[in-house]
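Numbered from 1 within each chain, the chains take letters A, B, ... in sequence-line order.
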There are 2 protein chains.
Amino acid sequence: MPAPPSAPRQRRKDARPAELLAAALDVFVEKGFAATRMDEIAQRAGVSKGTVFLYYESKQALFRAVVQEAVVPHLAAGEALAEAADSDPAQLLRELLRRYWQVLGDARLAGIPKLVMAEAGNFPEVAAFYHENVVERGRALFIAVLERGIQAGVFRPCNPLVICHLAIAPLMFSCMWRQTLACCDDRQIDPEIFVQTHLDMFMRGLLAVPAGGRNVE
Amino acid sequence: MPAPPSAPRQRRKDARPAELLAAALDVFVEKGFAATRMDEIAQRAGVSKGTVFLYYESKQALFRAVVQEAVVPHLAAGEALAEAADSDPAQLLRELLRRYWQVLGDARLAGIPKLVMAEAGNFPEVAAFYHENVVERGRALFIAVLERGIQAGVFRPCNPLVICHLAIAPLMFSCMWRQTLACCDDRQIDPEIFVQTHLDMFMRGLLAVPAGGRNVE
DNA sequence: AAATAATAACTAACCGGTCAGTAATTATCG
DNA sequence: CGATAATTACTGACCGGTTAGTTATTATTT
């Protein structure tokens with residue numbers, strides 16, 4: 001998209017923000033927050049470093065914009081699904097987890113939560129922004145569904161926050177593994193089997209009346 | 001341990017390595033690999049930066065030494081336990097997971113896997129070292145127990161590698177959460193309840209003949 | 001007086017952010 | 001319409017600050 005690298009100097013005010021965000025997402029995910037150089041984002045967007053600061057006032061502002069554009073829409077989609085579907089809470093929960101898994105399947109998006117967890121300590125403002133705009137909202141979604149299910153007697157009584165984290169943990173872990181240590185590994189894990197096994201075991205543990213005994217794996 | 005900060009110049013060849021490792025562990029865990037400054041490690045060990053390079057030839061070498069000293073012994077302990085106990089595989093697995101959890105409970109040690117996952121992309125040699133010396137060895141331990149249990153008919157038939165990751169994921173996730181986003185969170189999760197819930201749900205899913213239905217949470 | 005543990009000053013490289021200047025575009029006027 | 005003036009998107013050299021690793025020097029021990 002960033003016009004052929006040969007083109008000398010172009011004025012394309014309208015196209016820049018999107019192109020910069022795309023380049024930034026790539027580099028942030030590839031290198032992490034601290035190790036990302038504004039220079040490299042600029043280069044990939046076919047622009048000089050100064051130009052980046054014309055559109056985003058700082059590295060952090062740029063990162064916030066990336067999260068807004070790349071992550072937040074997925075939350076909205078999840079919320080829409082949860083409100084629309086009046087179906088069985090168990091079905092809904094499964095579906096939400098599957099979609100979450102799909103989003104994490106895109107390596108570019110999977111890199112974002114990894115980055116935030118990796119650098120929260122050194123960049124607390126980044127962590128706070130992500131927590132407020134992504135974590136809180138995402139959890140609220142799952143917790144609402146869990147509470148609905150408990151109320152309806154479909155799920156066993158439990159602490160929804162704990163269960164929410166337990167549902168998500170393996171998905172997150174698998175996605176982080178893939179990005180970090182999987183490459184050192186000769187024993188590859190099939191992600192499909194992994195998530196299927198998790199969902200089966202998890203739902204069996206959560207449901208008040210477990211469905212018939214499909215075997216583990 | 002690093003002799004009073006007032007003392008001018010001391011020659012303590014024997015004590016330095018341990019003091020440097022202790023300081024290095026603290027700073028690495030606090031800041032991550034890239035963001036750790038050799039200067040700060042030196043300062044905390046009560047020594048000048050040059051001295052650090054007298055004992056460890058590079059930042060990476062120092063980190064490797066930290067892993068060797070702080071992490072590897074715990075693996076050895078786990079292996080000893082697994083070999084000694086001829087008990088019920090279910091009991092043994094529970095015990096191993098509990099110990100793993102205990103180790104991760106020490107904030108200093110919990111920081112190590114977090115660091116490795118966070119920076120594996122930018123420092124592949126570090127990741128490779130960790131994978132070879134910690135991951136492979138730890139997994140072998142759990143997988144052996146799982147296979148023993150399946151053989152004995154105590155566990156359902158399953159893919160031990162997948163189950164191994166599913167057992168560990170929530171422990172890891174919880175430990176990373178505590179270090180990163182927990183501070184932004186008003187809704188605290190009690191780690192004890194979290195791990196207890198996980199172990200119950202997990203074992204219920206794994207056992208061929210599930211033990212009587214303790215409630216979730 | 002060696003030998004050596006420890007220091008501190010130094011090097012070279014890196015990077016976020018700035019800004020004076022340049023070139024592409026648009027507006028104005030003859 | 002063609003020339004030129006005004007505007008503004010864009011550039012890239014530069015600054016201040018940082019840091020892994022080196023080395024010449026100093027202090028301590030034996």
Side-chain angles (χ1 to χ4, degrees), chain A residues 1-21 23-24 27-28 30-66 115 119 121-126, chain B residues 1-21 23-24 26-28 30-66 115 119 122-126:
Chain A
M1 188 188 292
S6 56
R9 176 186 279 218
Q10 304 189 48
R11 293 159 64 97
R12 294 172 43 245
K13 189 183 164 79
D14 297 341
R16 297 299 188 205
E19 293 179 8
L20 285 169
L21 287 181
V27 185
F28 276 133
E30 202 170 298
K31 300 278 178 33
F33 185 79
T36 284
R37 287 170 296 115
M38 295 300 269
D39 229 347
E40 184 166 357
I41 293 176
Q43 220 171 333
R44 291 209 203 178
V47 124
S48 76
K49 188 171 65 161
T51 301
V52 183
F53 287 94
L54 239 47
Y55 290 91
Y56 301 95
E57 72 169 347
S58 70
K59 203 182 188 183
Q60 290 204 12
L62 177 55
F63 180 73
R64 285 194 298 268
V66 166
L115 178 153
E119 322 215 38
N122 292 327
F123 301 93
E125 320 83 2
V126 170
Chain B
M1 189 189 294
S6 56
R9 178 183 281 220
Q10 303 190 48
R11 294 161 64 99
R12 296 173 41 243
K13 191 182 165 81
D14 298 340
R16 297 303 187 201
E19 294 178 7
L20 285 170
L21 287 182
D26 282 346
V27 185
F28 277 133
E30 201 170 300
K31 300 276 179 31
F33 184 79
T36 284
R37 287 171 296 113
M38 296 298 271
D39 227 347
E40 184 166 355
I41 294 175
Q43 220 171 332
R44 291 209 203 177
V47 124
S48 75
K49 188 172 65 161
T51 301
V52 182
F53 287 95
L54 232 52
Y55 290 91
Y56 300 96
E57 72 169 349
S58 69
K59 202 181 186 183
Q60 290 204 13
L62 177 54
F63 181 74
R64 286 194 298 269
V66 166
L115 178 153
E119 322 216 37
N122 293 327
F123 302 94
E125 320 82 0
V126 170

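- Put simply, Arg16(A) has a side-chain N or O that comes within less than 4.0 Å of OP1 or OP2 on dC10(D).
- Ala65(B) approaches Leu21(B) most closely through the heavy-atom pair CB-CD2, 3.7 Å.
- By the 6.0 Å contact criterion, CD on Gln43(B) is open, its count of non-hydrogen atoms from other residues, nucleotides or ligands being 12 or less.
- Atom CG of Leu62(B) is separated from atom P of dG21(D) by 10 Å (rounded to the nearest Å).
- Of the residues in residues 48-57 of chain A, those with a non-hydrogen atom less than 4.0 angstrom from any atom of DNA chain D are Ser48(A), Gly50(A), Thr51(A), Leu54(A), Tyr55(A).
- Ring-plane geometry between Phe33(A) and Phe63(A) is classed as perpendicular, the angle between the planes exceeding 60 degrees on a 0 to 90 degree scale with a lower cut at 30.
- Rounded to whole angstrom, the span from the CZ atom of Arg37(B) across to the P atom of dA13(C) amounts to 22 Å.
- The two atoms that bring Thr36(B) and Lys31(B) nearest to each other are OG1-CB, 3.7 Å, heavy atoms only.
- A search for ring-ring contact (aromatic ring centres under 6.0 Å, His included) contacts involving Tyr56(B) returns nothing, not counting sequence neighbours.
- When each of Ala34(B) and Arg11(B) is assigned the nucleotide of DNA chain D with its nearest heavy atom, Ala34(B) is the one assigned upstream, toward the 5' end.
- Atom CZ in Arg12(A) sits roughly 16 Å away from atom C1' in dA23(C) (whole-Å rounding).
- Asn122(B) places its CG atom 15 Å from the P atom of dC14(C), with the value rounded to the nearest Å.
- The CG atom of Asp14(A) sits 10 Å away from the P atom of dA9(D) (whole-angstrom rounding).
- Here CG of Leu20(A) is found 11.0 Å from CZ of Phe53(A). Values are rounded to the nearest 0.5 Å.
- As rounded to whole Å, 11 Å separates atom P of dA13(D) from atom CG of Asp39(A).
- Atom pair Met38(A):CE and dC15(D):P shows a separation of 21 Å (rounding to whole Å applied).
- When every heavy atom of Glu30(B) is checked against every heavy atom of Asn122(A), the shortest pair comes out as O-OD1, 4.3 Å.
- Atom pair Gln43(B):CD and dT7(C):C1' shows a separation of 14 Å (rounding to whole Å applied).
- When the nucleotides dG16(C), dA6(C), dA9(D) are ranked by their closest atom to the side chain of Lys13(A), dA9(D) comes out on top.
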